[in-house]
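Inspection log for the structure reproduced underneath, given as C-alpha cells.
Letters A, B, ... are given to chains in the order of the sequence lines, protein chains preceding strands, and every chain is numbered from 1.
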There are 2 protein chains.
Amino acid sequence: MPITIKDVAEHAGVSVSTVSKVLNDWKTISQSTKDKVNNSIKELNYTPNSRAVSFARGNTRNIIYLTSLSKDEAYTNPHMFDIMCGVFTRLASGGYTMTLMDISDDIHPKETVAGIIARKSADGIVIHGSVINEDIANLIISNSFPHIVIGHPDFNERLCWVDTNHLLAGQYAAEYLSQRDVSPVSFIGGKRTEFISHERERGFRTIMLKYHKKIPPEYVIHTSSTWEEGYAAAKKLLSMKEAPKAIVCENNTLAVGAAKAISEMGLKVPDDIFFLTFDIYPYTTIIDPKPTIININVYDMGLQAADMIIRKIDNPSLMIQSYTTLPEIVES
Amino acid sequence: MPITIKDVAEHAGVSVSTVSKVLNDWKTISQSTKDKVNNSIKELNYTPNSRAVSFARGNTRNIIYLTSLSKDEAYTNPHMFDIMCGVFTRLASGGYTMTLMDISDDIHPKETVAGIIARKSADGIVIHGSVINEDIANLIISNSFPHIVIGHPDFNERLCWVDTNHLLAGQYAAEYLSQRDVSPVSFIGGKRTEFISHERERGFRTIMLKYHKKIPPEYVIHTSSTWEEGYAAAKKLLSMKEAPKAIVCENNTLAVGAAKAISEMGLKVPDDIFFLTFDIYPYTTIIDPKPTIININVYDMGLQAADMIIRKIDNPSLMIQSYTTLPEIVES
DNA sequence: CTGAAAGCGCTTACAG
DNA sequence: CTGAAAGCGCTTACAG
C-alpha cells in the first residue's frame, strides 16, 4: 500500500491541500507548517505519484524526440545520437523527461503526430529533420504545438529549428588555406546531389573566389563516398604535373582513402601538403597522417534545441526562432 | 476545449463506461453499440487523454532506459545506442513508450532509482551495465520492480540480465583458425584489466589449448588500444624469424594499426596471413586489408531485453532469466 | 495562512 | 449486454 498525500496530511495534522502547497512551494505557507509537513514526508518516505501529478496538472513535463531508430542507425548516424544526448541533458536539467519515438517504418506518420498532440502524451516535440514532412509541419503549426526541428526544413517557414551550417564550414576550410597562402588547392567531394556535400563545396568555392583564387576543374573530383574512391581521387590529384598543395576531403570516409594515398606517396603534412576534412567522427581519430578538421559541435546544438523548446512551452507566444551552430577548427 | 470520453458518450447516446469498454475491447459489448460508439469517436475525432488513462489504470506503459548519455558517448560507445534502438523497437511494438534517463553525473543514483519506483513513473526499467551498482540492484530486487540489466552484473544473482558472450567470441576466432590449420597464430590484445579484452583472449586460448596448439608468449602482445600500438605490435610480430600466419586483434582500433602494418609489408590476406578482429563497427568497413570479423548483433540483444521486460511486467512471478547473444562470423 | 470541495478523464468492480 | 457510481492521487480556485 503506497503512501499518498492523504497519509502525509493525516500524519502532519494538516489538510491535503496544504501538503500539496508545501510540495509545490507556495509562498503563502508558514515556515512552521512547512517544517511539519516536510518532516512527515521524510518520516513516511513519501514520493508523489507522478501519474497523478501529471494528470491533475494537465501537463507531463515530458518531451517526445521523434526520429528514426533502426538497426545500425547508431553506427551509420552517430551524430544524431550525439544531438539527442545534448537535447536530453538540457531537458533533464529543466525537469523534463524525454521519450523516444520512432517513425521510420510508420505508414501514417502524420496520424502518429496527430495522436501525440491529441492525447497530450507530451508537452512538446523534437523532430529530427530526416523524418519531418510538410503534413506533419502543418499539423504542428496549426495546433501551435511546442516543437523544434533538428535541421532547417525547407517548407513551412513558421517552424522553429536549429541547424548546423555546412556552407560556413566550407568557408572555414577555404579561409584556413587562404590565410596560409596555399596554392593550388584541390577538393574531393561526394556526389553533388548530397546536400551536405554540396553546401560544403559551395562554401569552399565562395571564399576561394573572394580571394581570386581559381580552382581549375581538374582539381575538383566528385565521387561516391567510399574510402577506395577517396584513395583513387587523391592518387590522381597527387600524380598531376602540378600537384596540389592541399587536399580538402568533404567527408570522413573520403579522408581515410586520401590519407592512405598521402602516406603511400611519402608526403608530409603540412610541409608537403595541407590535408583538411570535416567532422571529427567517426574516423579522424585513426586517420594517419592527421588532417586538420572543421568540426561542428552537434551536442551543443542539442542543448540549444532543448533550451528553445522549454522556452516555447513556458512562453507559448514566443516568436519563431532558429539557431545555427558554428563550426570550429581542430588541429589534431 | 478537447473532446473527452463524456462527449463521445453523449454523442453516441450511451454511458461513459460503455465507451470505455469499447475503447478497451471488452468482449461483452454488442456489435451494434460498438459501431455506434466507434462512429461517434470518428466523427468527433476523439483520442483518449493518455495522462488520464495512465492514472486511472495505474500503469504507464512506459519503460525507463537508464544509462550514461554524455557528450561524445554516441561516438565512443555506439554499441550502447544500437542496443537501445533494439530495446526501443520491441517496446514500441508491444505498446510501450521508452523514456531515457541519464545517471552519469548523478551523485545519488540510488535515490534516483528509488524515486522512479516510488513515484511510479514507469512500469519497468532497463539498466545499462555500466551504471548499475549493488545498491541499485538490491533496491530493484527488494521492490520486485520489473527490470533488465544490459550486461551480466557480478553482484545480486537474482537480477534479470542479457549479455553478449565475449568468451565465446574468442573461441569462435580460435575455432576458425584451427579448422583452417593455421599455425603459428598471434594475438594483439588490450590491457589485461579490460573485461571484454580479457574474455576474448581467454576464450581464444581455451580453444587453442583444446586443439593442443600452443601460443608462445612472444606471439601475444598486450598494449593500449590505439591504432599506433596496434601497428607497432603487428610490425613486431610480422618481423619475427618465424612470423605468425594469423593475427587476431582483440578490438577494432588495434586492427586499424595491424592492417596498416600488414599492408605496408606487402602481405596478402588470407594467402600470406589470416587477419581477424572483433565487431564490425566502428572501423572494419574502412580497414584494408579486410579482416574476418567475429561480430555480435547487439541490436538483437536489445530486442530480447525488451521482450523479457515485457514478459516480466505481464507476469511478475516469472522466474529470473538471462539471455546471451551468440557471435557470428562475417567475411567482408 | 489554511482547508473543504470540485475537478482533472479515465477504469472497473458491481448491480441489474 | 449496459450503466451508475466510486475511485485513482493529485491541484487549484474559492472561501474563510
Side-chain angles (χ1 to χ4, degrees), chain A residues 1-41 44-62 95 115-123, chain B residues 1-41 44-62 95 115-123:
Chain A
M1 195 75 341
I3 309 292
T4 71
I5 196 172
K6 218 174 135 194
D7 300 318
V8 177
E10 275 168 20
H11 187 274
V14 298
S15 75
V16 164
S17 27
T18 300
V19 175
S20 173
K21 282 163 190 160
V22 172
L23 251 20
N24 293 289
D25 241 0
W26 285 35
K27 49 275 109 244
T28 60
I29 304 290
S30 72
Q31 191 56 48
S32 65
T33 0
K34 259 189 211 165
D35 294 343
K36 237 183 346 184
V37 172
N38 281 325
N39 273 336
S40 300
I41 289 178
L44 299 177
N45 196 16
Y46 164 72
T47 323
N49 178 322
S50 57
R51 292 199 276 269
V53 174
S54 151
F55 172 58
R57 255 208 283 256
N59 68 23
T60 55
R61 301 224 29 109
N62 179 233
I116 294 170
I117 299 174
R119 83 186 71 230
K120 303 169 187 320
S121 38
D123 300 340
Chain B
M1 197 72 341
I3 310 292
T4 70
I5 196 173
K6 220 174 135 194
D7 300 317
V8 177
E10 276 168 18
H11 187 273
V14 298
S15 75
V16 164
S17 27
T18 301
V19 176
S20 174
K21 282 164 191 161
V22 172
L23 250 21
N24 292 289
D25 243 0
W26 285 36
K27 50 268 124 242
T28 60
I29 304 290
S30 73
Q31 191 57 47
S32 65
T33 4
K34 258 189 210 164
D35 294 344
K36 239 185 342 188
V37 171
N38 281 323
N39 273 337
S40 300
I41 288 176
L44 298 178
N45 196 16
Y46 165 71
T47 323
N49 179 321
S50 57
R51 292 199 274 270
V53 174
S54 151
F55 172 58
R57 255 207 283 255
N59 68 23
T60 55
R61 299 211 52 93
N62 179 233
I116 293 169
I117 299 173
R119 83 187 70 231
K120 301 166 189 320
S121 38
D123 300 340

Contacts of A:N59 that satisfy side chain to side chain contact (heavy atoms under 4.5 Å, CB included) - sequence neighbours left out:
A:R57, A:R61, A:D123
Taking atom types as modelled, find out whether B:S17 and B:S20 have a side-chain donor-acceptor pair closer than 3.5 angstrom.
no
Identify whether any heavy atom of B:T28 sits under 4.0 Å from a base atom; if not, whether one sits that close to sugar-phosphate; answer base, sugar-phosphate or nothing.
base
Hey, is the side chain of B:Y46 poking within less than 4.0 Å of OP1 or OP2 on C:dG9, counting only N and O atoms?
no
B:K34 NZ to D:dC1 P, in whole Å, measures 9 Å
Which value, rounded to the nearest 0.5 Å, describes the distance between B:L44 atom CG and B:E10 atom CD?
10.0 Å
Between atom CG in B:L23 and atom C1' in C:dT11, what is the gap in whole Å?
11 Å
Report the residues that fulfil side chain to side chain contact (heavy atoms under 4.5 Å, CB included) with B:V16, sequence neighbours left out, ordered by chain and then residue number.
B:I5, B:K6, B:A9
Separation of C:dG9 C1' from B:E10 CD (nearest whole Å):
14 Å
Can you check whether A:I117's main-chain N or O pairs, donor with acceptor, with A:S121's side chain at less than 3.5 Å?
no
Specify the residues of residues 51-61 of chain A, ordered by number, for which at least one heavy atom lies under 4.0 angstrom from an atom of DNA chain D.
A:A52, A:V53, A:F55, A:A56, A:R57
I'd like to check the side chain to side chain contact (heavy atoms under 4.5 Å, CB included) partners of B:S54; sequence neighbours left out, ordered by chain and number.
A:R51, B:T60
Give each stem of DNA chain D as a range with a range, requiring at least 3 consecutive Watson-Crick or G-U wobble pairs whose two distances are under 3.5 Å.
C:1-3 with D:14-16, C:5-12 with D:5-12, C:14-16 with D:1-3
Please report, rounded to the nearest Å, how far the P atom of D:dC1 is from the CG atom of B:D25.
14 Å
Is there a side chain to side chain contact (heavy atoms under 4.5 Å, CB included) between A:V14 and A:V19 once you walk through the steps?
CA-CA 7 Å; A:V14 298; A:V19 175; 3.8 Å; yes
Tell me, do A:L23 and A:V37 make a side-chain contact under 4.5 Å, heavy atoms counted?
no
Looking at B:N38 and B:D35, would you say the former's side chain and the latter's main chain have a donor-acceptor pair under 3.5 Å?
no
Whole-Å distance separating the CG atom of A:D35 from the C1' atom of C:dC1:
15 Å
State, yes or no, whether a side-chain contact exists between B:R119 and A:N49 at a heavy-atom distance under 4.5 Å.
no
Distances for protein N or O near nucleotides 3-5 of chain C N or O, under 3.5 Å:
residue, atom, partner, partner atom, Å
C:dG3, OP2, A:S15, N, 3.1
C:dG3, OP2, A:S15, OG, 3.4
C:dG3, OP2, A:T18, OG1, 2.6
C:dG3, N7, A:K21, NZ, 3.2
C:dG3, O6, A:K21, NZ, 2.5
C:dA4, N7, A:S17, OG, 3.4
C:dA4, N6, A:S17, OG, 3.0

Which of the following nucleotides, D:dC10, D:dT2, C:dT2, is nearest to the side chain of A:T4?
D:dC10
If you compare every side-chain N and O of B:S20 against the phosphate oxygens of C:dT11 (OP1, OP2), does one of them come in below 4.0 Å?
yes
Rounded off to whole Å, could you give me the CD1-to-C1' distance for the A:I3 and D:dC10 pair?
16 Å
Rounded to the nearest Å, what distance is computed from the CD1 atom of residue B:I29 to the C1' atom of nucleotide C:dT11?
13 Å
Closer than 3.5 angstrom, by distance alone: can the side chain of B:D7 be matched with the main-chain N or O of B:T4 as a donor-acceptor pair?
yes
Give, for atom CG of B:N45 and atom OG of B:S40, the distance between the pair rounded to the nearest 0.5 Å.
12.5 Å
Rounded to the Å, how far apart are A:N24 CG and C:dT2 P?
15 Å
